[in-house]
Structure formats: C-alpha cells, structure tokens
Asks: 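Take a look at this one; I'll ask things after.
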Amino acid sequence: MQAGERSVDAPCRMSDGAVAVLSMDGRVLRINQAAAEVLGHPARALTGLPLDRHIHPEDLEEARQRLRIRAAAPAGSSGRAVFRFRHADGGWRWLEVTARNELTDPQIGGLVLTVRDVSAAIALSERLRASEARYRTLAEAAPIGILQADAAGQVVFANTRLAAITGVGPERMLGDGWLGAVHPDDRARVAAEWRSEPGRNSQPTDFRFHDPQGAGPDRRVLCQRIPMEDGGTIATITDVSEYLHTANALRLSEARNEAILDTVAEAILTVDEAGILLGFNRAAEAMFGIPAGDLLWRPLDRLIPLAHLREEGGVRLEFAPGQTTALVARDRTAEAERADGTRFPVELSVSANEVEGRRIYTAILRDVTERRRAEAELLAAKEAAEAADRAKSTFIATMNHELRTPLNAVIGFSQLLEVLTDGQGQLRDCVAAIGQAGGQLLAIIDDILDMARVEAGGLSLVEEPVDLSALAAQLVADMEFQAGRRGVTVEVAGDGDLPPMRGDTRRLRQALGNLLSNAIKFSHPQGIVTLTMGKAADGWVELAVCDRGIGMRTDDIVTALTPFAQIEQSITRQYEGVGLGLPLALRLVEAHGGTLALDSAPGQGCTATVRLPPSRIMTIEELLAKMR
C-alpha cells in the first residue's frame, strides 16, 4: 500500500462509526463500510465522487457553505450539522454530520466526516412537536378550561378558555398564580386539594372564581384532575354558572307551575300516549278522593275513560307547522268515577302538545254535579211556571166567560131600565150609573184578557185604515162621563188633518183610551188633560197625552209599565185600577211597531208620548186599493 492510501485509511480504521474523508472540493477520498451502509451505496461507488450529489437540493447550498467554512477553520476544529441525503432506495435520510479539519495532518490531509442517521429521532421529534401542537390546538379550542401542571404542582400551561372564565391572562396563571383568582372563601380548600396526590379522590370538586375587580359575577366551576405518567397533572375546569342559573330558574318555574296547578279549582290531569298518568293536581285529588302518589307514573285504568282524554275517534291530531300545542276538545261531557265507586258528570277541555316527539295530553276537568242539579231544578221551576201560566190563562179565560155572562145581563137590563125610567130623572141617573159601572168592569175584564193574550203571544192585529183625528174625537167624547165625575177637562190640540194610518182601530183606540183614562184619574179636580197630535220632523206620527196631575218619580216609570204593578200598593190607596192600563197600552203600541215613552216628575204631571213609524202611513195607492 502506498503512503497516501495509508494516511487516508487511518481515520477510517481507527473509528468504529461511519467515517469518510473528503477533499477540499468535496470529493470522497475514503469511506468506510459503516458510512457506505448509512447512505445505502457500496463504498467503491462513492469513492472519488463529490458527496454533494447525494444532498437534498434544499440543503445543498448550506452544506457547501459549511464545508468551505470548515476548510478555512483552524486545524483540528470541528462542527456539526444535519442534512438530508438521498438513500440508495430513493428515499431521503436525515444525517447528522460532524466535520473535523484534518487538512494539515500529513497522514489524513482532508476533512474527516463522522456520519450518523438521525431520521428516526427527527421523525419522533416531529411527531412530538405535531402532537404538542395538536394538544395545544385542542386545548385552545376546548369549551372548558384546561390547566397543565408539573410533578411539583406548578402550572405550566393554561388555555384561553380558562382565562375567559377567571378573567386573568394565561401568563398570570402559571405557577401558583391561578389560585389568586379563586374566591377567597374557597381558596384554602382548593389549595389543599391541589397539593393532595392526584387520583386519590377522583370526584370533581366545585369552587368559585372571583373577579378581583368586582366587575363580574362569581363563576361556579367543577374541577377534575387527571394524573399523567410523568407525575404531572391535567385539570379540566368547567364553568357551570349558566347551568346552575338555568337549573335554579327551572326549579323556580316548576315550583311556580306546581303552585298554580295546586291553586286552581279545576282538576288537571296529564297523560302520555300510553295512558301513563304524569300529572295529578290537588284539585284532582279532592275531586276523585285519591292521593296523587297512588296514581302517578301508572296506567290510568280508572277514574275516567282514557278515550275522553284524547282525540275524538282516535284520529291523531296533526299540528300546524311550527306549532307544538293544539286544542283537542273544549267542554267535552263525560262521566267519571271517584275512588269510592260513585259516578258523577264532568266537563273537560283537552289539549295536546309534543316534547321531543312524545305526545302529552292535558285535561282540565270540572265537576258539574251541582250545575246539573241546578239546571234540573231550574227546568222543573220553568215547567212549573209554564204550567202555572197555562193555569192562569185557563182561569182568566174561564173567569172572563163567567164574569161576562152576568155582567152582560146587568148592562143589558140597565139599558132597558133607562128606557123604562124615561122622565124619572133621579131613577134614570141611578140606572145610568149602574150601566157606567158595568161598562167599567167589562173594560177591566177586557184588559186582563188582552194582557193575557199579549203575554201568550196570541194577540193579532186586524189592520185597516185608521183616521187618528176621528179616533181622538170619539175617545174624548167617550171619556166625557169619567172626566165630568172628576171635574177634569179633556182637550184635543195639534194637527187635525193627520194622514191615514194602517193599523188596528180597536187596539189603537184601546191604547189611547188607557192613556187618557190614566191622565184623567191622576189629574187634580178642575185639571186639564191635553191630547196633542202631529207629524214629527223624522216622519213619525206622534200622539201625546199630557196631564198636570200628581206625576211620579223617574224610578217609578218602570214599575208603572209593569203588568199588575202599581206605585201605590197600600190597602187604602186613593186611586182605583188593576195596573194594566199603561202596560197594555205599551204592548199594543209596540205591536204596531211604535214606542211609548213617559216623562214625569212628582207634582208636575205626566206626558205619555206614542210614536208610530212612517211605515204605518198609508199612501194614495193603498187607500185606493182599500176602497175597491
């Protein structure tokens, strides 16, 4: 072997590692088998060729720069770098290269490279960095606070969410700084638990974070510690303030709803689709005589048929879009059964709602036993009243016949006696008085019978042309005897040329006659009663009977218009009559579509105004048709 070859080979033989010797221009002068195996090429395929042909393009310039630096460095100096080299299999390997300047050594005369494959270590380091990056990314994205502590319990990492919970920046929570954010009342307990061995108590602990500035509310949290293999700890901190607030609000709402349900008078039942009883308030307990504890969460197989608490006919009710509650039935009648077996009628309203696909039925029940009893009693009373009314009508009809028969004889014979006593003045006046009294009694009987007909709905009008002016004149003449007895004067005023009206002459005469008779009866002696007739501005025909007698209070007008009611009810009352004049006049005027109004004051007299509608005024065509 020549001297040059021995000098080059010396370092390669002296080292057990992967060694190669490069010239100043980067050619491989000598490479041992270990170095060749690192690169995956035979030693002879590398010797004499530039080594940089195997370096990754991205690392090539740096490798050349470092080679030049090392060649210019003092003899014996060394440097280390990591580059990527192409392996014989085509892949890239990370190689740690240590270069030592031995250019001045006569036995070596080059740069001695010690090569070590660090691909696995770098890959592991990359995975570790990636894992740490993922951990931090996940920790920062987590919706809960995260603390990481070393074996001594000192915090080495706190995520952003924890900073938001505590209101303290992540850097201030390192070490023991995070304990400063714990509420003073909880701090000693939390510090003691934090110093205890992790995992000894796996139960989460709860405490509060307190804003030192007092700007925000206390945050209630749950802390769970998880031991790590290196003796450190990871703690998760969950903010449960909102949950507690919601839970408290829910408990308050449930308590309020329960109080309402227990306060209402109606029984309220809630069942699901399977017929399981979910709700039974105190009113229901009282109604059915059974405590809720004996029924809840059990099938409702008694008290009330389940079909009454659901849709009619079993057809499932479909909700409108966006609707979760709908009325199933209102005031549905049913029969329920108490715990003792007695049955009773109820009315119920049912609504349905859906919660997460589960249909719930709520029924409000009312015990209508008393109402049904009251309705039955009312119906019985109504039937009894109707029977009494029929009996009264029958009695009135019978009495009418029984009274008319002898009364007609009295009136007839008085008329005959008037003829026979002609010329005998005093006797003739007595006979005339008998006739007048009989006529008045017959008029009272007619009024009673007519009122009975009106109330029974049996009054019918015989309509014909009516001359109101002639009717008024005849009435005044007929009232002359009654007015003369009381010393009252009756006058007719107003329009004497009223248009002909369509109506029942007898009933209008009866109504106006009752008004005139009342006015005469309640006038003072020597008083004046005025009958005024005319056409109003609105087209209605008005007839007003005005007296200046005793009058009455406004509150008594309703009584005066009530059948058989009289303002003066004493036995010794001054004014005679059965209290039918005004009520009957009102009914007869209303039968013609008109109105009757009273205007009166005590001591000021009374004005009774009859108004007949324009539809009652006859046209020329109607008059001509009646004359044909």
Asks: Work out which heavy atom in Ala235 is nearest to a heavy atom in Cys223; give both atom names and the distance.
Replies: CB-SG, 4.1 Å

Asks: Can a donor-acceptor pair be found, under 3.5 Å and without considering hydrogens, that links the side chain of Thr270 to the backbone of Leu278?
Replies: no

Asks: Side chain of Asp150, backbone of Gln154: donor and acceptor closer than 3.5 Å?
Replies: yes

Asks: Could you walk me through whether Glu58 and Arg84 pass salt bridge (charged side-chain N to carboxylate O under 4.0 Å, His left out), step by step?
Replies: CA-CA 9 Å; Glu58 295 179 0; Arg84 285 169 288 182; 3.0 Å; yes

Asks: Which pairs would a plain distance check flag for residues 65-77, meaning a side-chain donor or acceptor within less than 3.5 Å of a matching protein atom at least two apart in sequence or in another chain?
Replies:
| residue | atom | partner | partner atom | Å |
| --- | --- | --- | --- | --- |
| Gln65 | OE1 | Arg68 | NH2 | 2.7 |
| Arg66 | NE | Glu62 | OE2 | 3.3 |
| Arg70 | NH1 | Ser77 | OG | 3.1 |
| Ser77 | OG | Pro74 | O | 2.7 |

Asks: Where the side chain of Glu285 meets the backbone of Ala292, is there a donor-acceptor pair that is under 3.5 Å apart?
Replies: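 Between the backbone of Ala292 and the side chain of Glu285 there is a qualifying donor-acceptor contact (under 3.5 Å).
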
Asks: Are any non-hydrogen side-chain atoms of Ile290 and Arg302 less than 4.5 angstrom apart?
Replies: yes

Asks: Output the distance between atom OG1 (Thr333) and atom CZ (Arg372), rounded to the nearest 0.5 Å.
Replies: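 Reported to 0.5 Å precision, the distance equals 6.5 Å.
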
Asks: What residues form a side chain to side chain contact (heavy atoms under 4.5 Å, CB included) with Ala274, not counting sequence neighbours?
Replies: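 With neighbours one apart ignored, the set is Asp272, Ile276.
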
Asks: Given salt bridge (charged side-chain N to carboxylate O under 4.0 Å, His left out), test Arg373 with Glu377 step by step and report yes or no.
Replies: CA-CA 6 Å; Arg373 182 182 295 113; Glu377 292 175 354; 5.3 Å; no

Asks: Do Asp206 side-chain atoms and Val221 backbone N/O form a donor-acceptor pair below 3.5 Å?
Replies: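 Such a contact is absent between Asp206 side chain and Val221 backbone.
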
Asks: Donor-acceptor pair, distance only, cut-off 3.5 Å: does the side chain of Arg86 make one with the backbone of Gly90?
Replies: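 Yes; at least one donor-acceptor contact below 3.5 Å.
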
Asks: Is the side chain of Arg27 donor-acceptor paired with the backbone N or O of Leu49 at a distance under 3.5 Å, no angle test?
Replies: no

Asks: Write down the atom of Ile146, the atom of Asn159, and the distance for their closest heavy-atom approach.
Replies: N-OD1, 2.9 Å

Asks: Considering all heavy atoms of both residues, which atom of Val350 and which atom of Ala363 are nearest to each other, and what is their separation?
Replies: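 Residues Val350 and Ala363, closest heavy atoms: CG2-CB, 4.1 Å.
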
Asks: If we only count heavy atoms from C-beta on, is the Ile31 to Val19 side-chain gap below 4.5 Å?
Replies: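 No, too far: nothing below the 4.5 Å cut-off.
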
Asks: Taking atom types as modelled, is there a side-chain donor on Arg189 or Thr205 under 3.5 Å from an acceptor on the other?
Replies: yes

Asks: Considering residues at least two apart in sequence or located in another chain, which fulfil the salt bridge (charged side-chain N to carboxylate O under 4.0 Å, His left out) criterion with Arg330?
Replies: none

Asks: Verify salt bridge (charged side-chain N to carboxylate O under 4.0 Å, His left out) between Glu337 and Arg343, making sure each step is shown before the conclusion.
Replies: CA-CA 4 Å; Glu337 181 178 340; Arg343 305 186 70 83; 2.9 Å; yes

Asks: Can you list everything that forms a ring-ring contact (aromatic ring centres under 6.0 Å, His included) with Phe83? Sequence neighbours excluded, please.
Replies: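 Phe83 satisfies ring-ring contact (aromatic ring centres under 6.0 Å, His included) with no residue once adjacent residues are dropped.
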
Asks: Output, in order, the C-alpha distance, side-chain angles, deciding distance and verdict of side-chain contact (heavy atoms from CB on, under 4.5 Å) for Leu51 and Leu113.
Replies: CA-CA 11 Å; Leu51 186 61; Leu113 305 182; 3.8 Å; yes

Asks: What's the shortest heavy-atom distance between Ala336 and Val346, and which atoms?
Replies: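 Minimum heavy-atom contact is CB-CG1, 4.1 Å.
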
Asks: Nearest heavy-atom pair of Ala158 and Leu147: which atoms, and what distance?
Replies: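 Residues Ala158 and Leu147, closest heavy atoms: CB-CD2, 3.7 Å.
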
Asks: Going through the checks in order, is the side-chain contact (heavy atoms from CB on, under 4.5 Å) test met by Val28 and Leu22?
Replies: CA-CA 5 Å; Val28 178; Leu22 297 185; 3.8 Å; yes

Asks: Classify the ring geometry of Trp178 against Phe209: parallel below 30°, tilted from 30° to 60°, perpendicular beyond 60°.
Replies: perpendicular

Asks: Any side-chain heavy atom of Asp25 sitting closer than 4.5 Å to one from Pro50?
Replies: no

Asks: Determine, stepwise, if the pair Asp59 / Val82 fulfils side-chain contact (heavy atoms from CB on, under 4.5 Å).
Replies: CA-CA 9 Å; Asp59 300 339; Val82 178; over 6 Å; no

Asks: Are there over 12 heavy-atom neighbours, none belonging to Arg44, within less than 6.0 Å of that residue's CZ?
Replies: no

Asks: For this output row, return yes or no: ring centroids of His41 and His54 closer than 6.0 angstrom.
Replies: yes

Asks: Do the side chain of Arg93 and the main chain of Val38 share a donor and acceptor less than 3.5 angstrom apart?
Replies: no

Asks: Phe85: what forms a ring-ring contact (aromatic ring centres under 6.0 Å, His included) with it, not counting sequence neighbours?
Replies: none

Asks: Any donor-acceptor pair under 3.5 Å linking the side chain of Thr342 with the backbone of Arg338?
Replies: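 Looks like no, no N/O pair under 3.5 Å.
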
Asks: Can you tell me how far the CG atom of Leu303 sits from the CE atom of Met287, to the nearest 0.5 Å?
Replies: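 So the CG of Leu303 and the CE of Met287 are separated by 11.0 Å.
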
Asks: Kindly compute the distance separating CZ (Arg80) from OG1 (Thr114), expressed to the nearest 0.5 Å.
Replies: 9.0 Å

Asks: Compare every heavy atom of Gly110 with every heavy atom of Val21, then report the nearest pair and how far apart it is.
Replies: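 Closest pair (atom of Val21, atom of Gly110, distance): CG1-CA, 4.1 Å.
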
Asks: Kindly indicate whether the side chain of Leu39, heavy atoms from C-beta on, has any atom under 4.5 Å from the side chain of His87.
Replies: no

Asks: Under the criterion side-chain contact (heavy atoms from CB on, under 4.5 Å), I'd like the reasoning laid out for Leu269 against Phe288: C-alpha separation, chi angles, the key distance, then a yes or no.
Replies: CA-CA 11 Å; Leu269 280 67; Phe288 290 98; 4.3 Å; yes

Asks: Taking Asp239 for the side chain and Leu162 for the main chain, is one N or O donor matched with an acceptor at less than 3.5 Å?
Replies: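 No, the answer is negative, given that no donor and acceptor are paired below the 3.5 Å cut-off.
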
Asks: Listed by chain and number, what are the side chain to side chain donor-acceptor pair (under 3.5 Å) partners of Glu273, not counting sequence neighbours?
Replies: Arg316

